Amino acid sequence: MGSMEPNVAALERRVRGCLCDFGFEVSPLKVGWYNAVLQPSFHLQYSEDTLAFIVLSTPSMFDRAFKPFVDKQLLKKINDPVDQCVSYHLSLVKESLPNQRVDIIYDYEILPNRKPKFLAQTAAHVAGAAYYYQRKDVRCDPWGEKKIYGVCIHPRYGGWFAIRGLLIFPDVQVPFLEQVAPVDCVASEEKRIELLEKFNFHWRDWSYRDIIEVKERYSEEQKAYFGAPPAERFKLLEVQG
Ligand code: B12
């Protein structure tokens with residue numbers, strides 16, 4: 001047991017080494033933390049001490065990973081270009097750890113029952129990466145019968161990030177991993193209401209992403225790209241050459 005922790009540290013360094021220079025951020029978690037807040041139908045089928053990493057893309061992923069990926073013409077005209085870029089980089093993590101079993105789940109993967117394979121926001125919250133604000137985090141809520149979706153806010157990037165995937169190491173057990181609480185950066189009731197209104201009813205104007213002061217946000221170019229409907233995105237990339 002004693003020899004396990006240095007191995008985990010080395011593993012974590014390797015995962016960060018593969019991803020951080022490309023504008024990704026990774027946070028470790030135990031599957032048990034995730035399962036603990038979810039109903040059984042959403043549980044991940046691993047023992048509770050299993051090590052996983054939640055992977056976020058930060059604003060610099062666009063310049064550091066995506067543009068080089070497109071320039072190298074690694075793109076296939078089949079599915080979403082950013083998804084291809086993310087899966088390329090997460091596959092490299094796996095390749096750099098040939099002796100480890102690594103399962104990768106992407107944010108867009110859906111089960112046959114049409115449920116997502118994992119709940120990205122819940123995973124980000126329990127890993128301490130970004131606080132997940134939900135309707136139940138507001139005491140006096142003004143929305144009546146309306147369906148209100150929750151949103152994660154990152155202390156450094158506000159809403160200017162995405163949750164891309166979960167790396168799971170089925171053979172690595174981390175009973176002693178300590179849970180870090182996410183930073184509650186939208187602390188007041190009024191701000192939380194404003195955040196959920198913007199995310200649910202005005203998400204296209206990007207304003208929910210600036211609910212706190214941020215260190216970095218998407219460039220105009222990146223906004224133009226992500227603001228375009230998927231079919232238009234290939235054209236934007238060709239213009240950039
Ligand atoms: Co969307 N979407 N989406 N989306 N979507 C995702 C949520 C995600 C994470 C994708 C990503 O980053 N790659 C981002 C959100 C990022 C963030 O939070 N900062 C995202 C975004 C950005 C958007 C849009 C802005 C469009 C866009 O730019 N892509 C809009 C905004 C919403 C709107 O329409 N105004 C958008 C829209 C949608 C639609 C198409 C409407 C659907 C439905 C939304 C929904 O159900 N939330 C949608 C989906 C399906 C998803 C997706 C694929 C799955 C979400 C889902 O089905 N959740 C996720 C990616 C993913 O997670 N794989 C992206 C199921 C419900 C039941 O989960 O509400 O969180 P839940 O409930 C659980 C928690 O409450 C948990 O238990 C519940 C389940 O039993 N729980 C917890 C209970 N108690 C507790 C306690 C604690 C402490 C915790 C942590 C959890």
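Note that the coordinates shown come from a computational prediction; the quantities given were computed from them, not determined experimentally. Every number for a ligand or one of its atoms is a count from 1 in the order of the listing.
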Heavy atoms only: which of [options] lies closest to [atom]?
{"atom": "atom 19 (N) of ligand 1", "options": "Pro182, Ala124, Cys152, Ala181", "answer": "Cys152"}
{"atom": "atom 16 (C) of ligand 1", "options": "Arg209, Gln121, Lys147", "answer": "Gln121"}
{"atom": "atom 61 (C) of ligand 1", "options": "Phe42, Phe161, Tyr106, Phe118", "answer": "Phe118"}
{"atom": "atom 82 (C) of ligand 1", "options": "Gln134, Gln39, Glu109", "answer": "Gln134"}
{"atom": "atom 47 (N) of ligand 1", "options": "Tyr149, Tyr131, Phe199", "answer": "Tyr149"}

Review point. Under 6.0 Å between ring centres, would you say that holds for His125 and Tyr131?
Key: yes
To the nearest 0.1 Å, how far is [atom] from its closest protein heavy atom, and which atom is that?
{"atom": "atom 11 (C) of ligand 1", "value": "Ile163 O, 3.6 Å"}
{"atom": "atom 65 (C) of ligand 1", "value": "Leu119 CD2, 3.7 Å"}
{"atom": "atom 24 (C) of ligand 1", "value": "Trp203 CE3, 4.1 Å"}
{"atom": "atom 53 (C) of ligand 1", "value": "Asp107 O, 4.0 Å"}
{"atom": "atom 56 (C) of ligand 1", "value": "Pro116 CG, 3.8 Å"}
{"atom": "atom 62 (O) of ligand 1", "value": "Ala120 N, 2.9 Å"}
{"atom": "atom 81 (N) of ligand 1", "value": "Val37 O, 3.6 Å"}

Look at [atom] and say whether a protein heavy atom is found at less than 4.0 angstrom from it.
{"atom": "atom 74 (C) of ligand 1", "result": "yes"}
{"atom": "atom 42 (C) of ligand 1", "result": "no"}
{"atom": "atom 49 (C) of ligand 1", "result": "no"}
{"atom": "atom 39 (C) of ligand 1", "result": "no"}
{"atom": "atom 79 (C) of ligand 1", "result": "yes"}
{"atom": "atom 58 (N) of ligand 1", "result": "yes"}
{"atom": "atom 89 (C) of ligand 1", "result": "yes"}
{"atom": "atom 69 (O) of ligand 1", "result": "yes"}

- Message: Can a donor-acceptor pair be found, under 3.5 Å and without considering hydrogens, that links the side chain of Asn200 to the backbone of Tyr149?
- Response: yes
Can any side-chain N or O of Arg156 pair as donor or acceptor with the backbone N or O of Glu216 at less than 3.5 Å? no
Looking just at side-chain N and O atoms, do [X] and [Y] make a donor-acceptor pair shorter than 3.5 Å?
{"X": "Tyr133", "Y": "Asp184", "value": "yes"}
{"X": "Trp143", "Y": "Glu197", "value": "yes"}
{"X": "Asp205", "Y": "Ser207", "value": "yes"}
{"X": "Lys30", "Y": "Thr50", "value": "no"}

Quick one: sort the Tyr157 and His154 rings into parallel, tilted or perpendicular, breaks at 30° and 60°.
tilted
So if I count the atoms of ligand 1 from 1 in the order they appear, which ones are less than 4.0 Å from some heavy atom of [X]?
{"X": "Ala162", "answer": "12 (O)"}
{"X": "Asn200", "answer": "35 (N)"}
{"X": "Tyr208", "answer": "22 (C)"}
{"X": "His125", "answer": "88 (C), 90 (C)"}
{"X": "Val151", "answer": "17 (C), 18 (O), 19 (N)"}
{"X": "Tyr132", "answer": "69 (O), 70 (O), 71 (P)"}
{"X": "Thr122", "answer": "74 (C), 76 (C), 91 (C)"}

- Query: Do Lys191 and Glu194 pass the salt bridge (charged side-chain N to carboxylate O under 4.0 Å, His left out) test, and can you show the C-alpha distance, the side-chain angles, and the key distance before you say yes or no?
  - Reply: CA-CA 5 Å; Lys191 274 284 172 192; Glu194 184 188 337; 3.4 Å; yes
Part of [X] within contact of ligand 1 (heavy atoms, under 4.0 Å):
{"X": "Leu38", "result": "side chain"}
{"X": "Lys136", "result": "side chain"}
{"X": "Tyr34", "result": "neither"}

task = Verify salt bridge (charged side-chain N to carboxylate O under 4.0 Å, His left out) between Asp107 and Lys117, making sure each step is shown before the conclusion.
result = CA-CA 8 Å; Asp107 63 310; Lys117 278 201 183 171; over 6 Å; no
Side-chain heavy atoms of Asp171 within contact of Arg101, under 4.5 Å
yes
Do the non-hydrogen side-chain atoms of Ile211 and Phe199 ever get within less than 4.5 Å of each other?
-> no
So for atom NZ, which belongs to Lys115, do other residues, nucleotides or ligands contribute more than 12 heavy atoms lying within a distance under 6.0 Å? yes
*Does NZ or CZ of Arg164 fall inside the cone over Tyr106's six-membered ring, less than 6.0 Å from its centre and within 45° of the axis?*
no
Notebook entry, point to check: Is Phe201 in contact with ligand 1, taking contact as a heavy-atom separation below 4.0 Å?
Noted result: no
For Phe226 and ligand 1, answer yes if some heavy atom of the residue is under 4.0 Å from a ligand atom, otherwise no.
no
Sorted by chain and residue number, the side-chain contact (heavy atoms from CB on, under 4.5 Å) partners of Gln100 (sequence neighbours excluded) come out as Leu11, Leu97, Val102, Phe169, Val172
ask   = Hey, any chance Leu111 and Tyr46 share a hydrophobic cluster, counting ILVMFWY side chains that come within less than 4.5 Å of each other, even indirectly?
value = no
- Query: Can you list the steps and then say if Phe62 with Phe66 is a ring pair (Phe, Tyr, Trp, His ring centres under 6.0 Å)?
  - Reply: CA-CA 5 Å; Phe62 196 74; Phe66 186 57; 5.5 Å; yes
Contacts of Trp206 meeting ring-ring contact (aromatic ring centres under 6.0 Å, His included) (sequence neighbours excluded), chain-then-number -> Trp160
